[in-house]
Amino acid sequence: MLPEKLRTMEPYEPLSGTFDVRLDANESFIPPDDSILTALSKLQLNRYPDPYSRELCTAFAAYYGIDPERVTAGNGSDELIGIILSSFLGEGDKALCFSHDFSMYKFYLKLYEKQIVIYNKPHDLTVDIDEVLRIAEANNVRLIIFSNPCNPTSLGIKREEIIRLIESTKAIVVLDEAYMDFFNQSLIKLDFSNLIILRTMSKALGLAGARLGFAVAGCEYTRALQAVKSPYNVNILSQAAGTAALSNKALIDENIRRIISSRDMLYSRMCAMKSDEIVTVFPTCTNFVFVRMRDAQSVFTVLLERGISVRVLGDCLRITAGNERENDVLISALEDILSIRSENT
Ligand SMILES: *Cc1c(COP(=O)(O)O)cnc(C)c1O
């Protein structure tokens, strides 16, 4: 007989089916450069990969201007979240998550049978650091995990506020900066003994299919991460693809600019849509736009029928910035569904 927790769990199912316009997973719309594929042709696939992904971590550290000794690579940051939440919390230890935030934090905490404390964000979805500190203290939590900028709210918290949080708590702070390439408030160059920063190549860096994530931390936590991870967690193809991608700084910077400009276009066109159906378009520090709607569920369903996939979360839609055509198709469909004309047409 399976344990109770497994009987109620369902396999993760991203949207299945084929859609002409996919704006549901926050991926980059820019296909990989040919140099990345060239790098894969000379690999010794008969050999195990480097267990510590040293070349990859060095390329990552060079791109961000940090010490490679502080970097641990993972099979997506998802793997690192799982490793941290399973092994950095002892039996009975509590972890603090925010709501809404990235769903995998709660997923792993439940799977590993950890105690979960929730900070519920107010209606405007901002984060009150004093309230977070109060809840952390009152519940004596061992670890605090959250994303900044936040998926799904697209909102960002200023660096000073995060530093105040880290300096005011004894808890381990796991700061998921999956979207920080679109916001300029990273803590990646700072060293705090109770901080782990997570980064990924899945969003701004355009390699979601290669599954590459990184943990950046001080020597104590880095040693612990390297001790508990599975030995060959990042395969040889992904290590090479990531190393090649990170070595082309000019191209990464250019791609990030293109994504931000697409995001800004999508955001301003959403703001320009005047409809009672659109309640709030949240300011965005990410590569997606988060919109509170009167009836998000039915708009989501009609978009899907038209071959356009976005994410629906309660009364909100999360729409990834796509290429020009994808954004155009989405905006026209929305205008059509909501029977409105945007101000700039
Ligand atoms: C997409 C995302 C991740 C997952 O990244 P992978 O490296 O693809 O596993 C982690 N955190 C947040 C907040 C994300 O949105």
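In what follows, residues are counted from 1 in the order of the sequence shown. Every number for a ligand or one of its atoms is a count from 1 in the order of the listing.
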Checklist line | Polar side chain donor-acceptor pair, Arg159 to Asn184, under 3.5 angstrom | finding: no
Checklist line | Enumerated ligand 1 atoms positioned under 4.0 Å from heavy atoms of Asn151 | finding: 13 (C), 14 (C), 15 (O)
Check: Is Arg292 close enough and on-axis enough to Phe282, meaning under 6.0 Å and within 45°, for cation-pi?
Finding: no
Check: Does a donor on one side chain sit under 3.5 Å from an acceptor on the other, for Thr320 and Arg22?
Finding: no
Note to self: What I want to find out is whether Arg164 reaches Glu161 closely enough, with some N-O distance under 4.0 Å, to be called a salt bridge.
What the structure shows: yes
Item checked: Numbered atoms and elements of ligand 1 in range of Thr200, under 4.0 angstrom, heavy atoms -> 5 (O), 6 (P), 7 (O), 8 (O)
Item checked: Polar side chain donor-acceptor pair, Tyr48 to Asn235, under 3.5 angstrom -> no
Next item on the list: Using distance alone, decide if ligand 1 has a nitrogen or oxygen within less than 3.5 Å of any nitrogen or oxygen in Asn26.
Entry: no
Check: Is Ile197 linked to Phe214 within one hydrophobic cluster, defined over Ile, Leu, Val, Met, Phe, Trp and Tyr using a side-chain heavy-atom separation of less than 4.5 Å?
Finding: yes
Next item on the list: Could you see which bit of Asp176 sits under 4.0 Å from ligand 1, with heavy atoms only: side chain, backbone, both or neither?
Entry: side chain
Item checked: ligand 1 N/O within reach of Ser77 N/O, cut-off under 3.5 Å -> yes
Note to self: Give the atom numbers and elements of ligand 1 that come within less than 4.0 Å of a heavy atom of Ser202.
What the structure shows: 6 (P), 7 (O), 8 (O)
Check: What are the atoms of ligand 1, with element, lying closer than 4.0 Å to any heavy atom of Ala178?
Finding: 11 (N), 12 (C), 13 (C), 14 (C)
Note to self: Between Tyr108 and Asp78, do the side chains contain a donor N or O and an acceptor N or O under 3.5 Å apart?
What the structure shows: yes
Margin query: Taking 4.0 angstrom as the limit and counting only heavy atoms of Tyr179, give me the atoms of ligand 1 inside it, by number and element.
Written below: 1 (C), 13 (C), 14 (C), 15 (O)
Next item on the list: Kindly identify the option in Met104, Arg211, Lys203 whose heavy atom sits closest to atom 3 (C) of ligand 1.
Entry: Lys203
Check: Is it the side chain (CB and beyond), the backbone, both or neither of Ser147 that lies under 4.0 Å from ligand 1, heavy atoms counted?
Finding: side chain
